Participant: 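My questions will all concern the structure given below.
Per chain, numbering begins at 1; letters A, B, ... match sequence-line order. In this text, all values refer to a predicted model and were calculated from it rather than measured experimentally.
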Protein chains: 2
Amino acid sequence: MKTGLSTTTLADQVEEKIIEYIKENHLVPGDSLPNEMQFSEMLGTSRNVVREALSRLRMLGLIQSRTKRGIVVTEPPLLNGFKKVLDPNLLSIKTIKEMMGMRIALEIGIAEFLFANITEKKIEELEQIVSRQQAIGINNLSVEDEMIFHTKIYEIAGNDFILQFNRIMHPVFEFSKQNYESYFQPVNEKLNEKGDIIQHTDLLRFIKNSDKEGYQKAMQKHLKPYWEFLYNYD
Amino acid sequence: MKTGLSTTTLADQVEEKIIEYIKENHLVPGDSLPNEMQFSEMLGTSRNVVREALSRLRMLGLIQSRTKRGIVVTEPPLLNGFKKVLDPNLLSIKTIKEMMGMRIALEIGIAEFLFANITEKKIEELEQIVSRQQAIGINNLSVEDEMIFHTKIYEIAGNDFILQFNRIMHPVFEFSKQNYESYFQPVNEKLNEKGDIIQHTDLLRFIKNSDKEGYQKAMQKHLKPYWEFLYNYD
DNA sequence: TTGTTACATTTGTCCTACAAATAGAATTAA
DNA sequence: TTAATTCTATTTGTAGGACAAATGTAACAA
């Protein structure tokens, strides 16, 4: 099969075929695949092409290869590819806004799980985080401090996937705050003047009072700058 | 550089190096990269290895290659990799539960945007969808019908990323409902007995009444079976 | 039975060669 | 001079062969 160049390359097709092979044969993590030469013969392409396709699947975590043992299917870490691709420099404004929307939706929606899982012990841990941050003062809060609180919330909610997802998205928000500082600055100041700023200590109060709706409203306000950016920038 | 086998292969390293190259040189979509031979010489590896690495990035959508023109950076579709990896057969129960949690959080959190963007026209469109489904009867609702309503909600919320994300996750829920039918069946029956089932028509009522909190509570109930599975299965 | 050695298989890497596409230069036509 | 055409050099896509390194397996020894 010595075809020329085209929009879809042989590697693309072989990648697709291998994924099909896994699905059709109902292979699950631990099962082994044909080796490179066998695929090469099965699909009528060079070993090179097969290797390119396998290399992609290996990167995604769908398979692992080991000498002599061959290729085995593995349970993939779902966000491998997402992480590699999420370079703020490469994202359009539209995409950045959508990520902020995702963040807002998740922070509010996760409250369902937060309030279902909350315990005295967790409240204490949150209190420690908050009091440390109160001591620092709101204006001196580093991006890490901001992150620590919210990460703790996700942790309590008990969903590793969402936690991981947020970790990956986080650099985008950091980048945005810096890159669009001239926008965020006045927005924050205006909110400050109106005394409309919700801090972590406020959020914690709602948690202690078991007031889920209150918490969700407060979180909405806490993330107001993002919301403003999303709807009003440009 | 003719080294032996190792946990991290040359292709892994070269992939990393190329990503570094893009970041360090602040390349943005449209900018072009060195060609395969140049990378090969820069990094001291064979063209084969470079091609494997490039093939991965091409799959993610980070770059595009064209004869003679070489390689250019592109804005990647963020969920390319995620989509390829999300085969329900390969997922552990833990992961499936986490996806359900993600779904619940998003459906509730997205209400913020739904109620911010809702218009008369959109309400009408929702009404058409719902009345068609009422005619069919709740017990004859296909999975597509279920999907159509929720997709419309996401569409109104106006976040393409979340919309796409849900499209990708959807097969997991389909798979689960079938695969764990023996669990979902009695749960649904119990909810039915208690008359505690929330249908799309109920959700729409809250939208018409501009009752966001009511909608969120109702959505929580609407997704109750997933919630039950998440917390009580196994 | 257990430990060691040798062998065969499979992945990882390198190299060379050529086909196909095409950007850009050279050439020709208007 | 400008526009259309042809040529050429470059670059990606694909093939196939070679060898190194790792390692499961079988043969062998204690």
Side-chain angles (χ1 to χ4, degrees), chain A residues 1-19 21-22 25 27 29-74 76, chain B residues 1-19 21-22 25 27 29-74 76:
Chain A
M1 189 188 277
K2 187 183 283 196
T3 63
L5 303 186
S6 59
T7 47
T8 130
T9 66
L10 281 184
D12 293 331
Q13 297 168 35
V14 169
E15 179 204 327
E16 198 51 45
K17 287 276 172 57
I18 295 175
I19 290 179
Y21 183 95
I22 293 175
N25 294 79
L27 300 188
D31 292 345
S32 62
L33 267 65
N35 65 38
E36 298 179 352
M37 278 310 289
Q38 289 171 322
F39 268 128
S40 180
E41 283 158 21
M42 281 167 58
L43 304 173
T45 62
S46 73
R47 193 180 151 221
N48 256 336
V49 167
V50 171
R51 276 191 63 80
E52 275 195 29
L54 289 173
S55 187
R56 297 176 177 188
L57 303 186
R58 214 173 303 125
M59 178 204 58
L60 290 178
L62 264 169
I63 60 172
Q64 280 180 3
S65 304
R66 278 187 24 214
T67 314
K68 180 78 187 202
R69 174 135 167 230
I71 308 165
V72 296
V73 178
T74 54
Chain B
M1 190 189 276
K2 187 181 284 196
T3 61
L5 303 185
S6 57
T7 45
T8 130
T9 66
L10 280 184
D12 293 330
Q13 296 168 37
V14 169
E15 180 204 329
E16 197 52 46
K17 287 273 171 63
I18 295 175
I19 290 179
Y21 183 94
I22 293 175
N25 294 79
L27 300 188
D31 293 344
S32 63
L33 267 64
N35 66 38
E36 298 179 352
M37 279 309 290
Q38 288 170 323
F39 268 129
S40 181
E41 283 159 21
M42 280 167 55
L43 304 173
T45 62
S46 74
R47 193 179 150 221
N48 251 335
V49 167
V50 171
R51 275 191 63 81
E52 274 196 28
L54 289 173
S55 186
R56 297 175 177 189
L57 302 186
R58 208 164 20 232
M59 178 204 57
L60 290 178
L62 263 169
I63 61 172
Q64 280 181 1
S65 305
R66 272 178 41 204
T67 313
K68 180 80 186 202
R69 175 134 168 231
I71 308 164
V72 296
V73 178
T74 54

Participant: May I have the distance from B/N35 (atom CG) to D/dG13 (atom P), rounded to whole angstrom?
Facilitator: 12 Å
Participant: Taking CD from B/Q38 and P from D/dT10, how many angstroms apart are they, rounded to a whole number?
Facilitator: 12 Å
Participant: Between the protein and nucleotides 24-28 of chain D, list the N/O to N/O atom pairs that are separated by less than 3.5 angstrom.
Facilitator:
{"unit_1": "D/dG24", "atom_1": "OP1", "unit_2": "A/R66", "atom_2": "NH2", "d": "3.2"}

Participant: Would you please name every residue forming a side chain to side chain donor-acceptor pair (under 3.5 Å) with B/D12, sequence neighbours left out?
Facilitator: B/T9, B/R56
Participant: Going by the rule side-chain contact (heavy atoms from CB on, under 4.5 Å), which residues pair with A/Q38 if we only count those two or more places apart in sequence or in a different chain?
Facilitator: A/P34, A/N35
Participant: What's the CG-C1' distance between B/L10 and D/dA20, to the nearest Å?
Facilitator: 13 Å
Participant: Whole Å only: how far is the CD atom of A/E36 from the C1' atom of D/dG17?
Facilitator: 15 Å
Participant: Of all of residues 46-59 of chain A, which get a heavy atom below 4.0 angstrom from DNA chain D, listed by number?
Facilitator: A/S46, A/R47, A/N48, A/V49
Participant: Applying ring pair (Phe, Tyr, Trp, His ring centres under 6.0 Å), which residue pairs with at least one partner in residues 29-70 of chain B are found, sequence neighbours left out?
Facilitator: B/Y21-B/F39
Participant: Tell me every residue that passes side-chain contact (heavy atoms from CB on, under 4.5 Å) with A/Q64, counting only those two or more places apart in sequence or in another chain.
Facilitator: A/V72, A/T74
Participant: Write out all pairs satisfying ring pair (Phe, Tyr, Trp, His ring centres under 6.0 Å) with one or both partners inside residues 40-72 of chain B, taking only residues at least two apart or from two chains.
Facilitator: none
Participant: With ring pair (Phe, Tyr, Trp, His ring centres under 6.0 Å) as the rule and sequence neighbours excluded, what pairs involving residues 51-74 of chain B come up?
Facilitator: none
Participant: Would you mind reading off the distance between B/I71 atom CD1 and D/dT10 atom P, rounded to a whole angstrom?
Facilitator: 17 Å
Participant: Mind checking what makes side-chain contact (heavy atoms from CB on, under 4.5 Å) contact with B/R51, not counting sequence neighbours?
Facilitator: A/E52, B/E36, B/R47, B/R58
Participant: Please give, in whole Å, the distance from C/dG12 P to B/D12 CG?
Facilitator: 9 Å
Participant: Send over the distance from A/Q64 CD to C/dT10 C1', rounded to a whole Å.
Facilitator: 16 Å
Participant: Check for a donor-acceptor pair, side chain of B/S32 on one end and backbone N or O of B/I71 on the other, with a separation under 3.5 Å.
Facilitator: no
